[in-house]
Every structure is written in structure tokens, then in C-alpha cells.
Chemist: 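Take this structure first; my questions come after.
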Amino acid sequence: SQQGEEDPQALSIQEGENATMNCSYKTSINNLQWYRQNSGRGLVHLILIRSNEREKHSGRLRVTLDTSKKSSSLLITASRAADTASYFCATDAMTQGAQKLVFGQGTRLTINP
Amino acid sequence: DAGVIQSPRHEVTEMGQEVTLRCKPISGHNSLFWYRQTMMRGLELLIYFNNNVPIDDSGMPEDRFSAKMPNASFSTLKIQPSEPRDSAVYFCASSQRTGEISPSSFGPGTRLLVL
């Protein structure tokens with residue numbers, strides 16, 4: 001089963017609104033990373049948060065991490081049409097005996113103009 | 001830096017044929033990952049190399065799949081024989097691992113269609 005699970009699977013909002021996506025995971029992690037994927041393209045790294053951090057900011061992005069709940073959230077403020085993409089969380093963790101980066105199923109975000 | 005380079009970008013083949021996907025990671029990165037993405041299964045990690053050594057291949061579907069990394073600048077993923085269910089987008093990614101796994105840089109992917 002997937003280490004990371006995103007919620008919701010799909011999100012549609014109006015331009016200018018804030019978008020929040022959540023990620024839950026199962027095991028202890030070294031870090032958690034968020035990626036964006038535009039249709040037909042490779043994934044692009046957005047932000048990394050380490051297990052000893054609780055919040056990070058990068059431009060219009062805000063990521064929180066709650067290791068006690070094994071969950072993270074990605075907030076995109078003042079959304080733009082160009083933010084339309086799929087967003088994935090990925091956890092750096094020991095899985096099946098090996099340290100690796102495992103991705104969730106992603107959240108499809110649509111920003112309506 | 002040109003980023004992670006993958007070839008071919010598109011591949012259409014017939015069932016039973018051998019398919020070889022190629023990847024050139026970012027210079028200086030010591031970890032290389034092969035992923036497969038489908039609508040049904042999402043993004044799956046197939047195999048992971050660290051310093052050219054396969055660390056975990058538990059995600060490789062079956063013996064028809066094999067991957068090599070003969071040196072730090074080149075890796076291949078081979079499917080022999082190919083089947084229609086192998087149709088997917090295959091991504092190669094690389095990163096610098098120093099204890100933790102640093103952010104991965106993804107290639108543009110290879111879209112594989114097996115008829």
C-alpha cells in the first residue's frame with residue numbers, strides 16, 4: 001500500500017482562493033516532499049520539510065508537518081490558473097527494508113478563472 | 001545543467017518486443033530512481049540505485065523487467081518481452097543522497113504504448 005495518501009483526490013476552486021491539500025503517511029520519516037506535475041510532464045519538486053520541522057514557507061506555498069498525526073498539508077495561497085496541476089507528497093522513509101522516496105496518489109487541482 | 005535526460009520520449013511497440021528505456025541523471029547525483037505512472041496505479045517506484053548499485057528492486061513487476069546502471073551517468077530499464085499492460089509513462093529521477101534523500105529531479109518521461 002502507498003506510504004503517502006493525499007486528500008482530496010481532486011479539488012476545484014476559483015482563482016484567487018486558497019487551496020489546501022493533505023497527505024497522511026504510515027511510518028516514521030526523515031523528510032516529506034511535495035511535488036507538482038503538469039499534465040504530460042515530469043514531476044517538479046516544490047518544497048521539503050524535515051521530520052524535526054513543523055512549518056515551511058516558499059512564496060505562496062506553506063507546508064505543515066505533524067509527525068504525531070503522521071500528516072502534512074500543502075497550502076497554496078491566492079491561487080492562479082497556472083497552479084492547475086497534480087500535487088504529490090512523497091516520504092523519505094524506510095519501507096520494506098530500504099530507505100526510499102515513496103509517492104502518494106496525488107491531488108488533482110483545478111483553478112477556475 | 002540539462003536536467004535528467006530520458007530517451008526515447010515516446011515508444012510504440014508490439015507485444016513481445018524488447019523495449020529499452022534510457023536515462024542520464026544529473027551530474028553529481030548519486031541516487032537514481034525508475035518510476036512507472038499509470039492512471040490505475042499512480043506513481044510506482046520500480047527500482048532505486050545508490051552509487052550505481054541497485055538498493056531496492058522490490059517494485060519491479062516481474063522478471064520481464066530489468067534495470068542496469070553501468071556508470072554514474074547512464075541507466076537503462078529493459079522490458080523483455082513487453083506486454084500491453086506495460087503501457088505507461090516511465091520516469092527516471094535522480095537526487096543527491098546524504099543520509100536523507102534530497103529532492104529528486106525528474107526527467108520528462110517515456111510514454112510507452114505496447115500494442
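Numbered from 1 within each chain, the chains take letters A, B, ... in sequence-line order.
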Chemist: Test of understanding: clusters of I, L, V, M, F, W, Y form through side-chain heavy atoms closer than 4.5 Å, transitively. Do B/W34 and B/I5 belong to the same one?
Modeler: no
Chemist: Nearest 0.5 Å, what's the CD-CZ distance between B/Q37 and A/F103?
Modeler: 10.0 Å
Chemist: Just checking B/E83: does its CD atom have more than 12 heavy atoms from other residues, nucleotides or ligands closer to it than 6.0 angstrom?
Modeler: yes
Chemist: For residues B/I47 and B/L112: do they belong to one hydrophobic cluster (side chain heavy atoms under 4.5 Å, members Ile, Leu, Val, Met, Phe, Trp, Tyr)?
Modeler: yes
Chemist: What part of B/S102 lies closer than 4.5 angstrom to a heavy atom of chain A: side chain, backbone, both or neither?
Modeler: backbone
Chemist: Measuring from atom CZ of B/F106 to atom NE2 of A/H45, what distance do you get when rounded to the nearest 0.5 angstrom?
Modeler: 10.5 Å
Chemist: Under a single-linkage definition using a 4.5 Å side-chain heavy-atom cutoff for Ile, Leu, Val, Met, Phe, Trp and Tyr, are B/L46 and B/F49 assigned to the same hydrophobic cluster?
Modeler: yes
Chemist: Measure distances from B/P103 to the heavy atoms of chain A and classify the residue's part below 4.5 Å as side chain, backbone, both or neither.
Modeler: both
Chemist: Counting only non-hydrogen atoms closer than 4.5 Å, does A/L101 touch chain B with its backbone (N, CA, C, O), its side chain (CB onward), both, or neither?
Modeler: both
Chemist: Do A/L48 and B/I26 belong to the same hydrophobic cluster, where Ile, Leu, Val, Met, Phe, Trp and Tyr are linked whenever their side-chain heavy atoms lie under 4.5 Å apart, directly or via other members?
Modeler: no
Chemist: So with a 6.0 Å cut-off around CZ of A/R54, is the heavy-atom count from everything else above 12?
Modeler: yes
Chemist: Count I, L, V, M, F, W, Y as connected when their side-chain heavy atoms are under 4.5 Å apart, and connections chain through other members. Are B/V4 and B/L77 then in the same cluster?
Modeler: no
Chemist: How long is the straight-line distance from CD of A/Q105 back to CG of B/L43, given to the nearest 0.5 Å?
Modeler: 9.0 Å
Chemist: Do B/F91 and A/Q37 make a side-chain contact, defined as non-hydrogen atoms from C-beta onward lying under 4.5 Å apart?
Modeler: yes
Chemist: Measure the CG-NZ distance between B/N50 and A/K100 for me, rounded to the nearest 0.5 Å.
Modeler: 13.5 Å
Chemist: For chain A, which of B/A93, B/S31, B/S104 has the most heavy-atom pairs under 4.5 Å?
Modeler: B/S104
